[in-house]
Amino acid sequence: MKAVQVSSPGGDFEIIQKEIPEPGNNEVLIKVEACGICHGDAITKEGHFPGIKYPVTPGHEVAGIVYKTGSLVTNWIAGQRVGVGWHGGHCNQCSACRKGDFGACEKSLTTGIHLDGGYAEYMIARPDAMVNIPDELASVDAAPLLCAGRTTFGALKSSGARGGDLVAIHGLGGLGHLAVQYAVKLGFKTLVLSRGKVKEELAYKLGAHGYIDTDAGDAAKQLMKMGGARVILCTAPNGKAISELIPGLGRNGQAIIVTGARDPMQIPPMLLLGGERSVRGFVTGNMEDAIRFSVLTKIIPMVEVFPLEQVAMAYEKMMSAKVHFRSVLKIA
Ligand SMILES: [Zn+2]
Ligand SMILES: [Zn+2]
């Protein structure tokens, strides 16, 4: 089979030929149809996590067909269309697992980091880390829902915001363009915050009720004029820009970080104290919930499709935010 691998931190993507792996007793072999390229793949490509064993195949937005199952697998059968996301498996034994919080497993395995991911024609997955993909969703559309979709949908759903509440989506890229659609369909008064005017037309096309150009003035002040945001969902990887938005949170408002910004944020503690505002991160979210809601409300990601051979270009376009709006490798 053909696969993409990275052999060292910062190394190039290499396209290699290798044997199709055999699933173990409690594993599933998936014939990959599509794999989204996520900002999180930079962890593997650049070696941002300690202890990654190279070479490794990245990719944690995987949609494909069950090809073969191990002898102990009872819940999946060959031919089913399935997805695998960031969470690649858990131990079922640690204290987090015993509380049912599998996402926080002390020995959790991440697809495309600890386990070979979906930048390949076939991959091995754990049966408990897979999700069913319904017929209504093409594999190239399903793939980005497995990380970008479930994260933004999960963050909004867990925010406590209710119908009519003011929700601002900061950034309109791979995560943001899905978040806006979810926010609108969840019944929130949805604003898009983005630099310049370039994304304004798209924001309204996706259903947003308003648009704030963050270059044109104090976006936080504009939010406060509207009563303050119940939620600011931060999808743009820029700690400084996020900090500047916090004063735009209303009473009990929360900024939810779903992006891996590396520069620090600076927030006056008084600002959080008064009005009981909060800032939190969100990385979990349920793939099945996101898929069900997306199918129900006809939300599909806007994707640019690349063959496996163009992985370097697809990754570069994603990293430089030039892709509209999610790179997806179409593999079969
Ligand atoms: Zn991701
Ligand atoms: Zn565990």
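One-based numbering, in listed order, for ligands and for the atoms of each. Source: prediction; values computed, not measured. Note that the numbering runs from 1 along the sequence shown for the chain.
An angle of 110° is found at the Zn ion (ligand 2) between Cys105 atom SG and Cys91 atom SG, rounded to 10°. Angle SG(Cys38) to the Zn ion (ligand 1) to SG(Cys147), rounded to 10°: 130°. Rounded to 10°, the angle formed at the Zn ion (ligand 2) by SG of Cys97 and SG of Cys94 is 110°.
Under a 4.0 Å N-O distance rule, the pair Glu136/Lys298 does not qualify as a salt bridge.
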Side chain to side chain contact (heavy atoms under 4.5 Å, CB included) evaluation trace for Gln254 with Arg280
CA-CA 7 Å; Gln254 53 180 311; Arg280 69 177 175 113; 2.7 Å; yes

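Not one N, O or S atom of His90 sits under 2.8 Å from the Zn ion (ligand 2).
Each of Asp41, Thr111, Thr44 was scored for a side-chain hydrogen bond (donor to acceptor under 3.5 Å, both in side chains) with His60, with one residue passing: Asp41.
For the pair Lys45 and Phe13, the cation-pi test (distance below 6.0 Å, angle within 45°) is passed.
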